[in-house]
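These notes are about the structure you will find just below.
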There are 2 protein chains.
Amino acid sequence: MRDDSKKIPVAVKRRLPRYLRALGDLKKKGVEKISSGSLSDYLGYTASQIRQDLNHFGGFGQQGYGYNVEALCKEIEAILGLDRTHSIIIVGVGHLGQAMANYVEGYEKSYELVGLFDIKPALIGTEVGGIKIRSGDELEGFLKENSVDIAALCVNVESAQTVADKLAEGGVKGILNFAVTDLDLPEGVKVENVHISEFLEILTFDISDR
Amino acid sequence: MRDDSKKIPVAVKRRLPRYLRALGDLKKKGVEKISSGSLSDYLGYTASQIRQDLNHFGGFGQQGYGYNVEALCKEIEAILGLDRTHSIIIVGVGHLGQAMANYVEGYEKSYELVGLFDIKPALIGTEVGGIKIRSGDELEGFLKENSVDIAALCVNVESAQTVADKLAEGGVKGILNFAVTDLDLPEGVKVENVHISEFLEILTFDISDR
DNA sequence: ACATATCTGTTTAAATTTTAACATACTTAA
DNA sequence: TTAAGTATGTTAAAATTTAAACAGATATGT
């Protein structure tokens with residue numbers, strides 16, 4: 001939309017959800033305005049960094065006043081794309097897939113869960129969150145018929161790449177990958193990895209006395 | 001252990017699990033040696049970065065030869081602390097908690113699942129992975145009796161801080177936090193956040209055409 | 001209305017992270 | 001045994017990220 005938004009540094013991008021969460025909390029508390037200094041206390045980022053981050057999207061603050069919580073919240077939502085609705089499917093409805101479904105339900109309008117897929121016969125046909133679980137065989141056909149923006153990939157490592165290929169072929173724009181493997185995908189399909197076991201390993205490194 | 005290891009850059013630390021995974025794959029394939037160049041093709045990091053990363057831990061390569069896969073694998077395991085066994089409990093045995101339990105089972109010797117806790121009466125007393133789910137009320141007592149290294153925090157946002165306080169008080173060294181909130185903890189207790197909804201938001205940002 | 005304090009946007013500097021370059025050492029094959 | 005090729009460790013440069021500094025604009029209290 002805005003033409004300079006391509007240049008938003010990766011580091012800034014990854015902080016946006018945290019800003020949004022903080023602002024949502026403040027809004028809920030009835031806070032109307034906030035300064036970079038107060039937000040710094042709240043978030044643990046330096047006030048300087050907050051001002052610089054927010055400035056990538058244009059001046060939303062006012063000197064001597066601060067930032068309007070409501071307005072800034074809306075703005076960041078728009079930047080992240082949460083002001084629109086994105087269709088989501090979940091492939092692999094094990095524990096992780098169901099946990100993911102719960103997260104998706106938490107958003108009022110930003111996401112719409114449109115499909116669940118699994119290959120386990122016992123699961124096919126049952127419902128999760130009011131949505132029927134379809135057979136994995138139906139995935140390709142489903143993607144032809146329906147426009148899917150995001151797929152949460154909650155299958156095991158072995159089948160991850162195969163499923164990912166089908167998702168890419170079917171026109172999915174982004175994959176939230178929970179399988180602990182690195183997917184090879186065509187240009188244009190975005191991937192966000194959530195390699196849980198790696199977080200555990202990093203934590204283990206941190207607690208190992210050294 | 002090594003006295004300069006405190007200086008390992010954060011960015012390097014966070015890449016270690018990925019190195020370990022790649023080396024494990026190679027070992028499984030029977031590859032004995034690997035050069036930084038080949039590893040670069042495999043991982044997508046530059047060869048230069050790989051050499052520089054690995055050098056933080058001492059020279060494990062050999063000029064004209066490369067790196068011994070087996071030896072390097074062992075070394076990184078040791079650096080991460082995976083050559084020892086760490087006790088783990090999971091607090092909150094919903095879908096996420098059970099998924100987490102599965103991950104832990106995947107490690108042969110590095111982790112030992114020693115306890116599961118939940119407050120839902122229907123769950124208490126049932127077993128997951130051969131471990132009985134205890135009542136949340138027993139948590140403090142359990143921590144007094146047992147030495148717990150890591151806790152996976154899989155409870156809802158509302159109770160996360162309260163539980164985290166008990167964990168810290170009980171001597172837990174690290175918390176893998178799945179609750180989408182920022183925990184306030186005493187110095188010395190490490191936290192690794194896995195804020196799944198934030199990954200989804202970042203992915204949404206990436207796919208939003210701009 | 002005015003002075004003082006507040007707070008942003010922006011510029012400049014520091015720190016961190018990544019990439020490139022290269023000298024040196026080892027391997028391999030003839 | 002020797003020469004050519006390979007590949008590391010290390011140093012230097014570039015890029016990115018974070019922090020500090022400050023000028024200018026707004027708010028607030030008297």
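Below, chain A is the first sequence line, B the second, and so on; all start at residue 1. Only this structure's heavy atoms are used, side chains among them; waters, hydrogens and symmetry mates stay out.
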Report task. Nearest-nucleotide wise, let me know which of A:K33 and A:V12 is further upstream toward the 5' end of DNA chain D. Result -> A:V12
Requested in this report: Give the nucleotide from the list C:dT8, D:dT18, C:dT17 with an atom nearest to the side chain of A:Y67.
Outcome: C:dT8
**Report entry** Backbone N/O of A:D149 and side chain of A:S87: donor-acceptor pair under 3.5 Å
**Finding:** yes
Query raised in the report: Would A:S38 and A:D41 count as having a side-chain donor-acceptor pair, cut-off 3.5 Å?
Result: no
Query - Nucleotide D:dT6, atom P - distance to CD1 of B:I34 in whole Å - result: 16 Å
**Report entry** First of A:G64 and A:L54 reached from the 5' end of DNA chain C, by closest nucleotide
**Finding:** A:G64
Report task. Return the value, rounded to whole Å, for the distance between atom CD1 of A:I8 and atom C1' of D:dT17. Result -> 15 Å
Query raised in the report: Under 3.5 Å, is there a donor-acceptor pair between the A:Y65 and A:S35 side chains?
Result: no
Report task. Pick out which of A:L139, A:I150, A:L116, A:L113 makes a side-chain contact (heavy atoms from CB on, under 4.5 Å) with A:I89. Result -> A:L139
Report task. Side chain of B:S35 only, please: which of C:dA20, D:dT8, D:dT28 is the nearest? Result -> D:dT8
Requested in this report: Measure the distance from CG on B:D53 to C1' on D:dT8 and round it to the nearest whole Å.
Outcome: 14 Å
Query - Any donor-acceptor N/O pair under 3.5 Å between D:dT11 base and B:Q52 side chain - result: yes
**Report entry** B:S36 side-chain N/O to D:dT8 phosphate OP1/OP2 under 4.0 Å
**Finding:** yes
Report task. Specify the separation, in whole Å, of atom NZ of A:K13 and atom C1' of D:dT18. Result -> 19 Å
Report task. Specify the separation, in whole Å, of atom CG of A:D41 and atom P of C:dC7. Result -> 11 Å
Report task. Assess the side chains of B:N102 and B:Q98: does a donor N or O sit below 3.5 Å from an acceptor N or O? Result -> no
Query raised in the report: With respect to the side chain of B:N55, which nucleotide from D:dT17, C:dT17, D:dG9 is positioned closest?
Result: D:dG9
Requested in this report: Establish whether the base of D:dT8 is bridged to the side chain of B:Q63 by a donor-acceptor pair shorter than 3.5 Å.
Outcome: yes
Report summary line: note: A:I50, atom CD1; D:dT17, atom P; distance rounded to Å ~ 18 Å
Requested in this report: Would you classify B:R15 as touching base, sugar-phosphate or nothing, given that sugar-phosphate means primed atoms plus P, OP1 and OP2, and contacts are heavy atoms under 4.0 Å?
Outcome: sugar-phosphate
Query raised in the report: Among C:dT10, C:dT19, C:dA21, which is the nearest nucleotide to the side chain of A:R51?
Result: C:dT10
Query raised in the report: Given C:dA25, D:dT28, D:dA21, which nucleotide is nearest the side-chain atoms of A:S48?
Result: D:dA21
Query raised in the report: Counting heavy atoms not belonging to A:E32, are there more than 12 under 6.0 Å from its CD?
Result: no
**Report entry** Whole-Å gap separating P (D:dA7) and CZ (B:F60)
**Finding:** 20 Å
**Report entry** Side-chain donor/acceptor contact of A:Q62 with base of D:dA25 under 3.5 Å
**Finding:** no
Query raised in the report: Taking CD from B:Q49 and C1' from C:dT17, how many angstroms apart are they, rounded to a whole number?
Result: 8 Å
Query raised in the report: Which nucleotide in the list C:dT19, D:dA19, C:dG9 gets nearest to the side chain of A:T46?
Result: D:dA19
